[in-house]
Engineer: 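This is the structure I have questions about; it appears just below.
Naming convention: chains lettered A, B, ... in sequence-line order (proteins, then strands); numbering from 1 in each chain.
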Amino acid sequence: MSDIAVSVQDGEPAAVPANSTVQEALSKLLSNKQRKRVVAAKVGDSIVDLTTILTEDTVLSPIMIDTPEGLDVLRHSTAHIMAHAVRDLFGADVKVAIGPSIENGFYYDFLRSEPFTPEDFEKIEARMAEIANQNLPFIRTEIASSDATRAFEAEGEKYKVELIRDLQTDAVSLYSVGGFQDLCRGPHLPNTSFIKAFKLLRVAGAYWRGDEKNDVLQRIYGTAFFDAKELKKYLNALEEAKKRDHRRLGKELQLFTTDDQIGPGLILWQPKGAQLRRLIEDYWKDEHYRHDYDLLYTPHIARQDLWKTSGHLDFYGENMYSGMDIDEVRYQLKPMNCPFHIGVYKSDKRSYREFPLRWCELGTVYRYERAGALHGLLRVRGFTQDDAHIFCRPDQLEDEIYNILELNLHILKNFGFADYDIYLSTRPEKYVGSDENWEAATNALKLALEKKGLGFEIDPGEGVFYGPKIDIKIKDQLGRAWQCSTIQVDFNLPERFKMTYVGADNTEHQPIMIHRALMGSLERFIGVLIEHYAGAFPLWFTPIQARIMNITDDQADYGLEVYEKLRKAGLRIEKDLRNEKLNYKIREAQLAKIPYMLIIGDKEKEDGTVTVRLRDGKNLPPMSIAEFAAKVQEEVQAGRGI
RNA sequence: GCCCACGUAGCUCAGAUGGUAGAGCGCAUCCUUGGUAAGGAUGAGGUCACCGGUUCAAUUCCGGUCGUGGGCUCCA
């Protein structure tokens, strides 16, 4: 048999007999130590099993278990082992659906009449470990689709049959491990010995193929890592995320609450949360004014006819709350602010000379969200958009987009978000507006992004029907991405509302309209802020900047004096003058995540000073009340960046 | 909206094969006056989410409603 030349990328080729497996070839190319970490290999763009037969000269990229691609293979295989275990334990009552690897883990969907319980999880994990420990090979076979269909039909595996049918290929690949055989594209681990560190995390309902008309399956989520240490690290990170959960912190720090009597998805801001929100709103307004925006206020309801004109009733009606009759005229609660801003636009005859018009509003809107979608502050039914609409001439579009991006990133950065994923969404299949307009607008968005030096991805066809858009996702402290900002060009509403301006040529033209929100909604943004900072907000927008605590009752009067002076100086101050030990007061202030603790004993009372304790436990030297006030004001200035 | 789980004091949670309930924290009062993460005592506080059914008796069992959570789905 003749030899073929196989090499790893950038390495010397080795001669191996034709029809060797990848594994065999790699054994000539890699050290023993490296070989133990290889779980699959890349040939060109596709990832293949180590058992794949090589028939021609090939360049291989080995995939190590401790790389993202390696983890992917590991998790995918672990999902199969889980299905194997479930099948072993619960028999043929269980039908298997699909089990891919996903970000941070894997899942497998099952049809089973009984719900999976936490005790089941333990059993499944134990059985998985048994299977894994047997060091079983994953064996790939290719068979004709018709044979596979017959086999799965015999087992009653209707989902597999459906999958094969929709694949529309002549042959499919199967993988078997021990006694369990599954339809799968692969690739898989060479054997189960790599499966050492895994955990089942939760079970949830999921529709077959994500369609609510289909069967509801039970989806078991789990995760797997190449060693126990990595698994532990991940589980700890989950714990950490739990501690940062804005719903938990919102309660602990008394920021916001909801009330069954009032309704789900409707937020009540407690005094501290309201303070936090006010600070954010004030900052937002100040920055907008500085950036040449004007502020609007508009109502919460409007005649239903407005929503017909805008098209919201047709396109968005199912998310709008039903109307009310006022003097026999139908009114509806607003799901968006745009028609109102158009109302302001139409209050006057507009000239190209006054463009661009930049109008912003913290506009509270109400949208029907399905009950199951509601989530803390992140998904609610009543929320306040940090909205703005810009009306301009086509030739101003690119500059306006650039200015928006600049303000957008400036504000996000000031809140501590400097990492973004940016997406440019282009024309979808169904759209309004002319092709030329779409092209010009898409181009303007692109040019503005490039001019700003921002990397972005193009989401082809993901634009909304009325225009192209830019979406910005911010990354928080834990690296999680949150969609907040959106910048959208709109060809639809100017047309529907017959908006015009008088151009230099003394004829009427249609303005370009841009919608944009930077934080998205205040509720959502504050939720993200809470998680990002784990509730320990920077001084400039923390609801409480300092808490005064006396050591004994003897300094209560002085404590009150300090409190009043600092409040008058505009600081956000609390006092804890209770008859409690200092340790106790410090503990409480620490848990409340207050930046400065002002400690007052006889010394301070005598000298007219305060001793400042920081959140990190360090102390500043005693300073006068005025000095402290000045220090805080200075830090706030710096933090606001204005 | 759908599937599953859950709903007991302000908070975090325990509890009984069906006989109207407990802890810690917090709160109130008193003692204590203590310099950098919990001093002590006493006490108040619950229609066991809501409505209905079964039962001599329901917080406990059953049904429904509402809410919360994990997902699915949705987010022109």
Engineer: Counting only side-chain heavy atoms from C-beta out, which of B:G1, B:G26, B:C75 sits nearest to A:R379?
Structural biologist: B:C75

Engineer: Students often get this wrong, so: under 4.0 angstrom with heavy atoms, is A:N583 touching a base, only sugar-phosphate, or nothing?
Structural biologist: sugar-phosphate

Engineer: Please give, in whole Å, the distance from B:G71 P to A:W208 CH2?
Structural biologist: 21 Å

Engineer: More than 12 foreign heavy atoms under 6.0 Å from CZ of A:R480: is that the case here?
Structural biologist: yes

Engineer: Answer with base, sugar-phosphate or nothing: what part of the nucleic acid does A:G210 contact at a heavy-atom distance below 4.0 Å?
Structural biologist: sugar-phosphate

Engineer: Will you find, in the side chains of A:N550 and A:K585, an N or O donor that is under 3.5 Å from an N or O acceptor?
Structural biologist: yes

Engineer: Could you work out the separation of B:C51 and B:U17 based on their P atoms and round it to a whole Å?
Structural biologist: 26 Å

Engineer: Measuring from the side chain of A:R587 (C-beta onward, heavy atoms only), which nucleotide among B:U68, B:G70, B:A38 has the closest atom?
Structural biologist: B:A38

Engineer: Under the ring pair (Phe, Tyr, Trp, His ring centres under 6.0 Å) rule, what do A:Y596 and A:F628 come out as? Steps first, then yes or no, please.
Structural biologist: CA-CA 10 Å; A:Y596 292 125; A:F628 177 71; 5.5 Å; yes

Engineer: Could you tell me which nucleotide pairs with B:U20 by Watson-Crick or G-U wobble geometry, both distances under 3.5 Å, or answer none if nothing does?
Structural biologist: none

Engineer: Could you walk me through whether A:F110 and A:F116 pass ring pair (Phe, Tyr, Trp, His ring centres under 6.0 Å), step by step?
Structural biologist: CA-CA 10 Å; A:F110 302 99; A:F116 288 107; 5.8 Å; yes

Engineer: With rounding to the closest Å, how many angstrom separate the C1' atoms on B:U29 and B:U12?
Structural biologist: 25 Å

Engineer: Between B:G26 and A:Y584, is there an OP1 or OP2 to side-chain N/O distance shorter than 4.0 Å?
Structural biologist: yes

Engineer: Determine: side-chain N/O of A:R578 to OP1/OP2 of B:C27, distance under 4.0 Å, yes or no.
Structural biologist: yes

Engineer: Could you tell me if A:Y420 and A:N408 have a donor-acceptor pair between their side chains, going purely by distance under 3.5 Å?
Structural biologist: no

Engineer: Heavy atoms under 4.0 Å, any strand shown: does A:N619 hit a base, just sugar-phosphate, or nothing?
Structural biologist: base

Engineer: Between A:Y368 and B:G1, is there a contact of a side-chain N or O with OP1 or OP2 at under 4.0 Å?
Structural biologist: yes

Engineer: Check the distance between B:C25's C1' and A:Q254's CD and give it to me in whole angstrom.
Structural biologist: 14 Å

Engineer: Mind checking A:T258 for me? I need base, sugar-phosphate or nothing, with any heavy atom below 4.0 Å counting as a touch.
Structural biologist: nothing

Engineer: Can a side chain N or O of A:H375 be found less than 4.0 Å away from OP1 or OP2 on B:G70?
Structural biologist: yes

Engineer: Would you kindly check if the NZ (Lys) or CZ (Arg) of A:R75 is within the cone defined by 45 degrees around the ring axis of A:F225 and under 6.0 Å from the six-membered ring centre?
Structural biologist: yes

Engineer: Examine the base of B:U33 for any acceptor or donor lying under 3.5 Å from a partner atom in the side chain of A:D554, and report the outcome as yes or no.
Structural biologist: no

Engineer: With A:E588 as reference, evaluate A:K581, A:K593, A:R578 under the salt bridge (Lys or Arg N to Asp or Glu O under 4.0 Å) test and give the passing residue.
Structural biologist: A:R578

Engineer: On a whole-Å scale, what distance lies between the P atoms belonging to B:G40 and B:G70?
Structural biologist: 37 Å

Engineer: Tell me what A:M320 touches on the nucleic acid: a base, only sugar-phosphate, or nothing, going by heavy atoms under 4.0 Å.
Structural biologist: nothing

Engineer: Students often get this wrong, so: under 4.0 angstrom with heavy atoms, is A:H312 touching a base, only sugar-phosphate, or nothing?
Structural biologist: base

Engineer: Which one is paired to B:G63, where only Watson-Crick or G-U wobble pairs with both distances under 3.5 angstrom count?
Structural biologist: B:C51

Engineer: Before giving the answer on ring pair (Phe, Tyr, Trp, His ring centres under 6.0 Å), spell out for A:W359 and A:H389 the whole-Å C-alpha distance, their side-chain angles and the decisive distance to 0.1 Å.
Structural biologist: CA-CA 5 Å; A:W359 290 340; A:H389 295 94; 9.2 Å; no

Engineer: In whole Å, I'd like the distance from the OH atom of A:Y207 to the C1' atom of B:C72.
Structural biologist: 6 Å

Engineer: Taking B:G64 as the reference, what is the distance to B:G22 when you measure between their C1' atoms (whole Å, please)?
Structural biologist: 30 Å

Engineer: Whole angstroms only, please: what is the CG-C1' distance between A:D260 and B:G67?
Structural biologist: 4 Å

Engineer: Output yes when at least one side-chain N/O atom of A:R613 is less than 4.0 Å from OP1 or OP2 of B:A37, else no.
Structural biologist: yes

Engineer: A:E462 has an atom CD; how far is it from atom C1' of B:C75, in whole Å?
Structural biologist: 12 Å

Engineer: Whole Å only: how far is the CD1 atom of A:I267 from the C1' atom of B:U68?
Structural biologist: 13 Å

Engineer: Suppose you measure atom C1' in B:G24 against the same atom in B:A38; what distance do you get, rounded to whole Å?
Structural biologist: 12 Å

Engineer: Would you classify A:R202 as touching base, sugar-phosphate or nothing, given that sugar-phosphate means primed atoms plus P, OP1 and OP2, and contacts are heavy atoms under 4.0 Å?
Structural biologist: sugar-phosphate

Engineer: A:Q218 or A:L374: which one's nearest nucleotide on RNA chain B is closer to the 5' end?
Structural biologist: A:Q218

Engineer: If you look at every strand shown and take non-hydrogen atoms under 4.0 Å, does A:N319 touch a base, only sugar-phosphate, or nothing?
Structural biologist: nothing

Engineer: Kindly point out which of B:A37, B:U36, B:G34 is positioned nearest to the side chain of A:L582?
Structural biologist: B:U36

Engineer: Compare the minimum distances between each of B:U68, B:U36, B:G39 and the side chain of A:E580, then state the nucleotide with the smallest one.
Structural biologist: B:G39

Engineer: Measure from the side-chain heavy atoms of A:V464 and tell me the nearest of B:G34, B:A76, B:A37.
Structural biologist: B:A76

Engineer: I need the CD-P distance between A:Q261 and B:C50, as an integer number of Å.
Structural biologist: 12 Å

Engineer: Are any of A:R247's side-chain N or O atoms less than 4.0 Å away from OP1 or OP2 of B:G70?
Structural biologist: yes

Engineer: On RNA chain B, nearest-nucleotide positions of A:V216 versus A:E369: which is more 5'?
Structural biologist: A:V216

Engineer: Whole Å only: how far is the CE atom of A:M597 from the C1' atom of B:A38?
Structural biologist: 14 Å

Engineer: Using the P atom as the point on both nucleotides, what is the distance between B:U8 and B:A49, in whole Å?
Structural biologist: 6 Å

Engineer: Would you sort out whether A:K618 and A:D616 count as a salt bridge (charged side-chain N to carboxylate O under 4.0 Å, His left out), showing the intermediate values?
Structural biologist: CA-CA 6 Å; A:K618 294 199 186 93; A:D616 64 7; 3.4 Å; yes

Engineer: Quick check for you: among B:G39, B:C72, B:U36, whose closest atom lies nearest to any side-chain atom of A:A206?
Structural biologist: B:C72

Engineer: Distance check, P atoms only: B:G52 and B:A58, in whole angstrom units.
Structural biologist: 12 Å

Engineer: Does OP1 or OP2 of B:C72 have a side-chain N or O of A:Y221 closer than 4.0 Å?
Structural biologist: yes

Engineer: Please work out if A:E604 contacts a base, only the sugar-phosphate, or nothing of the nucleic acid, heavy-atom cut-off 4.0 Å.
Structural biologist: base

Engineer: Using purine N1 to pyrimidine N3 plus N6-O4 or O6-N4 for Watson-Crick, or N1-O2 and O6-N3 for G-U wobble, both under 3.5 Å, which nucleotide pairs with B:C72?
Structural biologist: B:G1

Engineer: Could you identify the nucleotide paired to B:G35, looking across every strand shown and requiring Watson-Crick or G-U wobble geometry with both distances under 3.5 Å?
Structural biologist: none

Engineer: Using only side-chain N and O atoms of A:K213, determine if any of them is under 4.0 Å from OP1 or OP2 of B:C2.
Structural biologist: no

Engineer: Taking pairing as Watson-Crick or G-U wobble with both contacts under 3.5 Å, can you name the mate of B:A9, or confirm there isn't one?
Structural biologist: none

Engineer: Searching all strands shown, indicate the nucleotide that pairs with B:U29 (Watson-Crick or G-U wobble; both distances under 3.5 Å).
Structural biologist: B:A41

Engineer: Within the 4.0 Å heavy-atom criterion, would you say A:K251 contacts the bases, only the backbone, or no part of the nucleic acid?
Structural biologist: sugar-phosphate

Engineer: Does NZ or CZ of A:K605 lie under 6.0 Å from the centre of the six-membered ring of A:Y558, at an angle within 45° of the ring axis?
Structural biologist: no

Engineer: If you measure from the P atom in B:C74 to the same atom in B:A16, how many Å do you get, rounded?
Structural biologist: 43 Å

